[in-house]
Amino acid sequence: MASLLSLEEAIAAVLERARPLEAERVRVESSRGRVLAEDATARVDLPPFPSSAMDGYAVRVADLPGRLPVIFHIAAGRPAPCALGPREAMAIATGGVVPEGADAVVPLELAQAEGEWVELPAVQPGSNIRWQGGDVARGKVVVPAGVRLGPAQIGALAAAGVSDVWCRRRPRVAVVTTGTELRPPGEPLRLGEVYEANGVMLASQIEAAGGVVERLTPVADDEQAHRQAIEWGLSQDVLVTSGGVSMGPHDLVRGVEAELGVEEVFWGVAVKPGKPVSFATRDSTLVFGLPGNPVSALVGCELFVRPALLALQGAIDPGPPLEPGILGQSVARDPRRDQLARARRRVEKDRILLFPVSGQDSHMIVRAAEADALVLVPRGEGELSAGEVARYLRLDCAG
């Protein structure tokens, strides 16, 4: 294997080639997880009218304190038929239109009502009023381009009257797992066979990142079978293979890809697990070759495939999104490679503590299932000590 790229160099090489896909119009109610291709602006002022922040009484501040007649009861969606006059009050529900002439709302709990009269204390001008356009003015940006839409953004768009948005197309991703020994879960295993897990795992990761997945049944270690599967995969926006990228006699993926005109960008990254990962292109198709060990495939997908998918969708910051935390126990460093240690997060007061799980070998997917973080342990001598700040990547993101 040639000299290994650093993790930073490999991520940069991937993102340099992940150009945003074309945009399409999407209904807001169907836009969860999509990335905006252009700014989405408000169709109305929000709030669209001055409204009450609570149940109470709409008043003129100049009339307080005092005992005032209640001339109307304003409900949400039922505004007053007239303006508020001097020495008058109107009962008002949360969300109701503040009547013309009123400049404050006195909360219900501060009032003493007697029939159609109410005794009210003094309050400050503007108290408990949500002013028109106080959240956003018509024509202003609600959510900027490059943001991936979640529930809060979708709620904001709907409240601002936005019914549809322009989003980048979701990438079409082919997932091809290789290995004669692979069998679908649930089938009887013969000696030497294992259950195929990488395909469903990678599909789950890719869908969480916004990709649209197509999968084949596992491909046997045969050149013709590899050629057919890879050629099919190259018709998609992204091809992700698992297995067959090392140097053994049955590692056929990279050779077949070269025959099909795939241009390799790199093979081998100074990272553990996942050193023999490869990245290539053919025309606009991005081609990732992940190792067959399941933890290596999991880590490689998070480090390289997920950021590429988000970049194809035009995300402002495709990642990988490393966050700071505190090591709860020491971790040995590797002198040659950065490591991604599987760990559990624990919140203590305002700190995130990180505790590596037992069993860090790249085949131990069940041990990895205990983890909800990948802790970056930079290459070097010695160890990272307990109490040191470390950067980590969440593993519990669902989208």
Around E114, counting heavy atoms of other residues, nucleotides and ligands shown, do more than 12 lie under 6.0 Å from its CD? no
Is the shortest side-chain heavy-atom distance between L376 and L7 below 4.5 Å? yes
Thinking salt bridges, do R172 and E214 make one under a 4.0 Å N-O criterion? no
Taking every heavy atom of A332 against every heavy atom of V377, the minimum-distance pair comes out as O-CG1, 4.0 Å
Within the supplied structure, the quantity of interest is the number of heavy atoms (other residues, nucleotides, ligands) at a distance under 6.0 Å from E100 CD; does it exceed 12? no
Measure the spacing between CZ of F72 and SG of C82 and express it to the nearest 0.5 Å. 8.0 Å
Do R43 side-chain atoms and T41 backbone N/O form a donor-acceptor pair below 3.5 Å? yes
Non-hydrogen side-chain atoms of R60 and P86 separated by less than 4.5 Å: yes
Hey, is the main chain of L46 close enough, under 3.5 Å, to the side chain of D135 for a donor-acceptor pair? no
Charged N-O contact under 4.0 Å between E24 and R168: no
Verdict with reasoning, R34 to R170, per side-chain contact (heavy atoms from CB on, under 4.5 Å): CA-CA 8 Å; R34 302 296 296 270; R170 296 175 64 190; 3.4 Å; yes
Pair R138 + D45: basic N to acidic O under 4.0 Å: no
Ignoring hydrogens and angles, tell me if any N or O in the side chain of E16 forms a donor-acceptor pair with the backbone of A13 under 3.5 Å. no
Indicate yes or no: does E302 engage R306 in a salt bridge with an N to O separation below 4.0 Å. yes
Side-chain (N293) to main-chain (S296) donor-acceptor, under 3.5 angstrom: no
Evaluate D39 against V143 for side-chain contact (heavy atoms from CB on, under 4.5 Å), listing each step before the verdict. CA-CA 6 Å; D39 294 346; V143 183; over 6 Å; no
Should I92 and Y57 count as side-chain neighbours, where that means a heavy-atom distance under 4.5 Å? no
Tell me, with the steps shown, if R394 and E323 meet salt bridge (Lys or Arg N to Asp or Glu O under 4.0 Å). CA-CA 8 Å; R394 294 186 187 220; E323 305 175 46; 2.7 Å; yes
Exactly one of V142, V165, V147, V28 should register a side-chain contact (heavy atoms from CB on, under 4.5 Å) with Q153. Which one does? V147
Over 12 foreign heavy atoms within 6.0 Å of CD, Q112: no
Residue from N198, V219, V194 passing side-chain contact (heavy atoms from CB on, under 4.5 Å) with L182: V194
Between N128 and V105 (side chain of the first, backbone of the second, donor and acceptor by atom type, cut-off under 3.5 Å), is there such a pair? yes
Nearest-0.5 Å distance that lies between atom CG in L120 and atom CG in L110: 8.5 Å
Cationic N near anionic O, under 4.0 Å, D164 to R25: yes
Basic-acidic side-chain contact under 4.0 Å: R254, E257: no
In this structure, OG of S163 is separated from CD of E29 (nearest 0.5 Å) by 8.0 Å
For G150, is there any backbone N or O sitting under 3.5 Å from a side-chain donor or acceptor partner on R32? no
Assess whether salt bridge (Lys or Arg N to Asp or Glu O under 4.0 Å) is satisfied between R169 and D237, documenting all intermediate values. CA-CA 11 Å; R169 177 172 63 77; D237 299 308; 2.8 Å; yes
Please give me the minimum heavy-atom distance between R342 and A371, naming the atom from each residue. CB-CB, 3.7 Å
Do you know which two heavy atoms are closest between A297 and L290, and how far apart they sit? O-CD1, 3.7 Å
For Q124, is the CD atom crowded, meaning more than 12 foreign heavy atoms sit under 6.0 Å from it? no
Minimum-distance pair of heavy atoms, taken over all atoms of L36 and C167: CD2-SG, 4.1 Å
Heavy atoms of other groups near R19 CZ, more than 12 under 6.0 Å: no
Would L68 and E88 count as a side-chain contact (heavy atoms from CB on, under 4.5 Å) here? Give the steps. CA-CA 5 Å; L68 304 174; E88 294 177 340; over 6 Å; no
Taking the basic N atoms (NZ, or NE/NH1/NH2) and the acidic carboxylate oxygens, is any pair closer than 4.0 Å for R333 and E383? no
Treating Ile, Leu, Val, Met, Phe, Trp and Tyr as nodes and any side-chain heavy-atom pair under 4.5 angstrom as an edge, say whether I326 and Y392 lie in one connected cluster. no
Any donor-acceptor pair under 3.5 Å from R87 side chain to D63 backbone: yes
Out of curiosity, E259 CD to E231 CD, how far, rounded to the nearest 0.5 Å? 11.0 Å
Student check: side-chain heavy atoms of F266 and V277 closer than 4.5 Å: yes
Side-chain contact test, heavy atoms from C-beta onward, threshold under 4.5 Å: evaluate it for L286 versus L312 and give yes or no. yes
Are the side chains of L303 and L340 in contact, using a 4.5 Å heavy-atom criterion? yes
So, does R344 use its side chain to make a donor-acceptor pair with the main chain of E370 at under 3.5 Å? yes
Taking the side chain as C-beta and beyond, is there a heavy-atom pair between Y195 and L189 under 4.5 Å? yes
Quick one, L353 and R345 - any side-chain contact, counting heavy atoms below 4.5 Å? no
Show the nearest heavy-atom pair for residues L322 and R391, with the distance to one decimal. CD1-NH1, 3.5 Å
Minimum heavy-atom separation for Q236 and A174, please, with both atom names. CG-CB, 3.7 Å
Backbone N or O of G33 within a donor-acceptor pair of the R148 side chain at under 3.5 Å? yes
At what distance, to the nearest 0.5 angstrom, does CG of L202 lie from CG of L298? 8.0 Å
With side-chain contact (heavy atoms from CB on, under 4.5 Å) as the criterion, how do T285 and V238 come out once you've worked through the C-alpha distance, each side chain's angles and the decisive distance to 0.1 Å? CA-CA 5 Å; T285 301; V238 179; 5.7 Å; no
Rounded to the nearest 0.5 Å, what separates atom CD1 in I352 from atom CZ in R346? 11.0 Å
Donor-acceptor under 3.5 Å (E9 side chain, S6 main chain): yes
Within a reach of under 6.0 Å around CZ of R336, are more than 12 heavy atoms found that belong to other residues, nucleotides or ligands? no
